[in-house]
Number of protein chains: 2
Amino acid sequence: MYEDLKYWYLRDHKLFRTLSFAQIRQLCIITGFKKANKGEIIYFSSSDVPRIFLLKKGNIKIVAVDEEGNETIKDIIQKGDLFGELTLENDFESNEYAKVLSDDVVICSFLMSDFEDLLLKNPSLALSYTKFVGLKMKRIKNSYANLVSKDAKTRLYQFLKDWAEKEGKQEGNKITLENYLTQTDIAQIICTSRQTATQLLNEMESRGMLLYNRREIIITDVTQL
Amino acid sequence: MYEDLKYWYLRDHKLFRTLSFAQIRQLCIITGFKKANKGEIIYFSSSDVPRIFLLKKGNIKIVAVDEEGNETIKDIIQKGDLFGELTLENDFESNEYAKVLSDDVVICSFLMSDFEDLLLKNPSLALSYTKFVGLKMKRIKNSYANLVSKDAKTRLYQFLKDWAEKEGKQEGNKITLENYLTQTDIAQIICTSRQTATQLLNEMESRGMLLYNRREIIITDVTQL
DNA sequence: ATCGAACTGTAAACTAGCCGACAATAAGCA
DNA sequence: TGCTTATTGTCGGCTAGTTTACAGTTCGAT
């Protein structure tokens, strides 16, 4: 089951490897670069021309706002990830924005239409991209299944395990994570209330499974998750 | 299987509309054809060569079984839908099978590798396919958001509305649905217990919003959902 | 027609986790 | 440095929904 996880995280870097230097350059001419700092909010507004974004540096979260003004975290985007309208369909009514989590980020973007042209000219890239989107779907499906059948504690454990696997610095069974999320963020990701998340984290800390603070999370023994 | 039959099967699928007559004829990628009856279970086993399936007639549900033997409904597949490894990645250890819901179904299939070749030769098809998968992803995301923020009643209403929209025969505000699902199925789809689903359905019936029986569901006034 | 299996109906006990409220820290910043 | 704001900690009360348990109903099959 968890074998799947491993290759999800190989995500998009692979995507452009099939391209030649020249091709990438061609794509890059189209791109816009943008720098932003912690806390900043970036709208990839629907009024604009549809774009696809690539996060070069840092971490951001994608937040959706529903009719009642409730905010939900849709995704955490990391260095090297693509985001935006990956389905290549214009989504008019999505109320999403990105919020910068790390100290500074660098984002570049290209026009969806240009990307489509590129895919049409590079069948093998098109295929890789198709698989990439498929992978993304599988990931969503999985967290869905997780949410449906497991309780909050299990979801938190799973989330920490995934996170550790993705970004943790491992020394033996001890794993250190740079913590750019608040407990509220974590709660939203695992779909529970902030209070419950806090409670669970403290419970873990008092059991010696964890060391939590605003800068880092140290998981003393991954195998316990 | 006869060539012209294959041709027709592909031709009337949305996905292949971008292709010309001649192109479709060349493909001939359909390699399997299968009929099945109600209640039958179809394994699209991982031990076999990976395939993509196309449901030509009827309804089936995709069921996943986890380690503890719990069954969850992953998807309801309807006439014209593709299913199987749409991500174009082999998923070895997924414990999924399909169960036939309607009286009889017709399924045809093609090899994933053949389909990949086809995509490589037809970038525009690859693009459509990506959008197609993207659409599927968007639907999943939607039901996900629905599950997270809404209570069981709202989820049931939403489910009925979606179902009505997809398959209902409408007369004014009255909508008739052919009911090939049990209450247990419905409960699983909206992620609640069977009892809760039963209760909610009965409540709706007693309020005159609904007429439920094993063969059909009549929604007396859609606007109330 | 009868039997058994699958489906539907109902109710009581129980519980995970939400919500509101408020206190205690920590972090940013003037 | 002190002030303000964001984040974390904690506690009951509350409720939607689960679980267990059993009874009634429908349907297909022999």
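Throughout, protein chains are lettered first and strands after them, A, B, ... in sequence-line order, and every chain is numbered starting at 1.
Remark: the backbone N or O of Tyr212(A) is paired with a side-chain donor or acceptor of Glu205(A) at under 3.5 angstrom. Checking side-chain atoms of Asn213(B) against main-chain N and O of Arg215(B) turns up a donor-acceptor pair under 3.5 Å. Between the Arg51(B) side chain and the Leu111(B) main chain, no donor and acceptor come within less than 3.5 Å of each other.
A heavy-atom distance below 4.5 Å is not found between the side chains of Thr182(B) and Ile186(B).
Regarding contacts with the backbone of dG17(C), every side-chain N or O of Thr196(A) stays at 4.0 angstrom or more from both OP1 and OP2. Distances shorter than 4.0 Å separate some side-chain N or O of Asn202(B) from OP1 or OP2 on dT10(C).
A donor-acceptor pair shorter than 3.5 Å cannot be found between the side chains of Ser143(B) and Asn146(B).
The Ala152(A) side chain lies nearest to dG17(C) when the options are dT19(D), dG9(D), dG17(C). Comparing dG17(C), dT20(D), dT8(D) by their nearest atom to the side chain of Gln195(B) picks out dT20(D). Of the candidate nucleotides dG17(C), dT8(D), dA16(D), dG17(C) has the atom lying nearest to any side-chain atom of Asp151(A).
Of the inter-residue distances, the one linking Ile76(B) atom CD1 with Leu101(B) atom CG reads 5.5 Å to the nearest 0.5 angstrom.
Overall, the helix from dA1(C)-dT30(D) to dA30(C)-dT1(D) carries an axis bend of 50° between its ends, with five pairs at each end and the value rounded to 10°.
For DNA chain D, the neighbouring residues in residues 214-222 of chain B, judged by any heavy atom under 4.0 Å, are Arg214(B), Arg215(B). Of the residues in residues 174-182 of chain B, not one comes within less than 4.0 Å of DNA chain D through any heavy atom.
Checked against a 6.0 Å centroid threshold, the rings of Trp163(A) and Tyr157(A) do not count as neighbours. Between Phe110(A) and Phe53(A), the gap from one ring centroid to the other reaches at least 6.0 Å.
Residues Glu203(A) and Lys153(A) are paired through a salt bridge, judged by an N-O separation under 4.0 Å between the basic side chain and the carboxylate. Note on Lys61(B) versus Asp75(B): no salt bridge recorded, every NZ/NE/NH1/NH2 to OD/OE distance being 4.0 Å or above. Between Asp221(A) and Lys174(A) there is no salt bridge, since no side-chain nitrogen of the basic residue lies less than 4.0 Å from a carboxylate oxygen of the acidic one.
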